[in-house]
> 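A single structure is presented below for examination.
All values reported here derive from a predicted model rather than from experimental measurement.
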Amino acid sequence: MSKKTTGEETRTSIDDLNDSLTGISAKVQKNMKVLSIIGIVIALIVVAVIVYIFLVKKPAVNKQNNAIAQADREMLMTGNDSIATAMYQKVAEGSYDAANRAKLMAAIGLYNDGKYDEAIKYLKDYSAGDAIIGPAALSLLGDCYVNTDKLDDAISAYKKAISKSGDNEYYTPLFMVKLAHIYHEQKKYADEADIYQQIVDKYPAYLQNSYFNIEKDLERAKQLAGK
């Protein structure tokens with residue numbers, strides 16, 4: 001067996017191997033302690049999330065759902081829009097799904113009351129995700145801007161509503177008519193004519209069911225634009 005001599009101390013290669021293994025073992029034990037601590041922290045986080053969901057979030061969500069349901073009943077059963085609007089405004093102060101819908105409902109009530117600036121605040125904070133309700137909310141925002149003489153903002157809102165509603169044959173042309181009316185007010189007759197032409201080309205079904213004579217409006221806009 002080979003030996004190493006260092007001063008007065010004589011060590012074998014087995015001694016060196018044992019020391020090396022002892023060092024590795026110590027490192028592994030240290031790493032295992034770190035991993036154990038990380039595991040405990042993760043477990044605590046999971047427990048905290050579960051506690052939050054079942055003891056904090058769910059009761060809060062249920063409370064808001066009940067509150068908005070009461071506002072819905074107030075509006076539908078009694079027809080008292082003012083009280084219902086106030087109830088929606090209170091629910092809108094929350095941060096869950098019910099609060100988001102409450103913002104839209106509050107905006108509708110405020111719009112009906114002629115409180116357009118207040119309605120705008122709720123609509124701008126509303127998350128418009130649905131393929132139908134979302135564009136309708138943007139259209140309502142445009143209506144609010146029209147009633148506050150902010151026509152450029154109204155144009156932007158209507159354009160977003162048109163883009164978001166895609167090729168919906170019922171809603172998209174309606175939003176386009178609103179946009180065309182703004183262009184007419186701004187004397188942008190070429191833009192107005194372009195919108196009407198798009199409606200004629202893309203939405204023939206709307207022409208048959210619309211209260212507006214789109215083809216007549218198109219001819220008028222063309223004449224005013226000098227086309």
> Is there a continuous path of hydrophobic side-chain contacts, each under 4.5 Å between heavy atoms, that joins Val177 to Leu151?
yes
> What is the distance from atom CD1 of Ile199 to atom CD1 of Ile214, rounded to the nearest 0.5 Å?
4.5 Å
> If you look at every heavy atom in Leu123 and Ala107, which pair is closest and at what distance?
CG-CB, 3.5 Å
> Regarding Tyr196 and Asp191, do their side chains bring together a donor and an acceptor under 3.5 Å, going by distance alone?
no
> Between Ser210 and Leu207 (side chain of the first, backbone of the second, donor and acceptor by atom type, cut-off under 3.5 Å), is there such a pair?
no
> Could you tell me whether Lys160 atom NZ has more than 12 heavy atoms of other residues or ligands within 6.0 Å of it?
no
> With heavy-atom distances below 4.5 Å as the criterion, would you say the side chains of Gln198 and Lys202 are in contact?
yes
> How far does NZ of Lys103 sit from CD of Glu93, to the nearest 0.5 angstrom?
10.5 Å
> Treating Asp113 as the side-chain partner and Lys115 as the backbone partner, does any N or O pair qualify as donor plus acceptor under 3.5 Å?
no
> Taking all atoms of both residues into account, what is the closest heavy-atom pair of Tyr126 and Asn100, and its distance?
CD1-O, 3.1 Å
> Any donor and acceptor pair, going by atom type alone, linking the side chain of Asp125 with main-chain N or O of Lys121 inside 3.5 Å?
no
> Stepwise, does the side-chain contact (heavy atoms from CB on, under 4.5 Å) test hold for Glu169 with Tyr206?
CA-CA 7 Å; Glu169 60 181 321; Tyr206 180 79; over 6 Å; no
> Any carboxylate oxygen within less than 4.0 angstrom of a Lys/Arg side-chain nitrogen, looking at Glu192 and Arg220?
yes
> When rounded to the nearest 0.5 angstrom, what is the spacing between OH in Tyr183 and CG in Asp194?
8.5 Å
> State, yes or no, whether a side-chain contact exists between Thr172 and Asp167 at a heavy-atom distance under 4.5 Å.
no
> Side-chain contact, heavy-atom cut-off 4.5 Å: Tyr122 with Leu104?
no
> Are Tyr88 and Leu110 connected, step by step, through hydrophobic side chains (Ile, Leu, Val, Met, Phe, Trp, Tyr) whose heavy atoms are closer than 4.5 Å?
no
> Give the cluster check for Val200 versus Ile162: same hydrophobic cluster or not, with ILVMFWY residues linked at side-chain heavy-atom distances below 4.5 Å.
yes
> Hey, does Lys188 have a side-chain heavy atom less than 4.5 Å from the side chain of Leu224?
no
> Looking only at non-hydrogen atoms, find the nearest pair between Leu138 and Ala157 and report the distance.
O-CB, 3.6 Å
> Mind listing the closest non-hydrogen atom pair of Tyr203 and Asn168 along with its distance?
CE2-O, 4.1 Å
> Using every non-hydrogen atom in the two residues, find where Ala190 and Ala225 come nearest and quote the distance to one decimal.
N-CB, 3.7 Å
> Do Ile195 and His184 pass the side-chain contact (heavy atoms from CB on, under 4.5 Å) test, and can you show the C-alpha distance, the side-chain angles, and the key distance before you say yes or no?
CA-CA 11 Å; Ile195 294 295; His184 182 79; over 6 Å; no
> Under the side-chain contact (heavy atoms from CB on, under 4.5 Å) criterion, do Arg101 and Val91 qualify, and how do the steps go?
CA-CA 9 Å; Arg101 183 167 78 82; Val91 178; over 6 Å; no
> Cluster question for you: counting only ILVMFWY and a side-chain heavy-atom cut-off of under 4.5 Å, with indirect links fine, are Leu179 and Leu174 together?
yes
> Just one of Phe175, Tyr158, Phe212 clears the ring pair (Phe, Tyr, Trp, His ring centres under 6.0 Å) bar with His181, so which one?
Phe212
> Are Leu140 and Met105 connected, step by step, through hydrophobic side chains (Ile, Leu, Val, Met, Phe, Trp, Tyr) whose heavy atoms are closer than 4.5 Å?
yes
> Please name the pair of heavy atoms, one in Ala102 and one in Ala92, separated by the smallest distance, quoted to 0.1 Å.
CB-N, 3.7 Å
> Taking atom OH of Tyr171 as the centre, does the number of heavy atoms from other residues, nucleotides or ligands within less than 6.0 Å exceed 12?
no
> Rounded to the nearest 0.5 Å, what's the gap from NZ on Lys164 to OG on Ser139? Could you check?
13.5 Å
> Quick one: which of Asn147, Leu141, Val146, Asp143 gives a side-chain contact (heavy atoms from CB on, under 4.5 Å) with Tyr116?
Asn147
> Can you tell me how far the SG atom of Cys144 sits from the CD atom of Glu118, to the nearest 0.5 Å?
11.0 Å
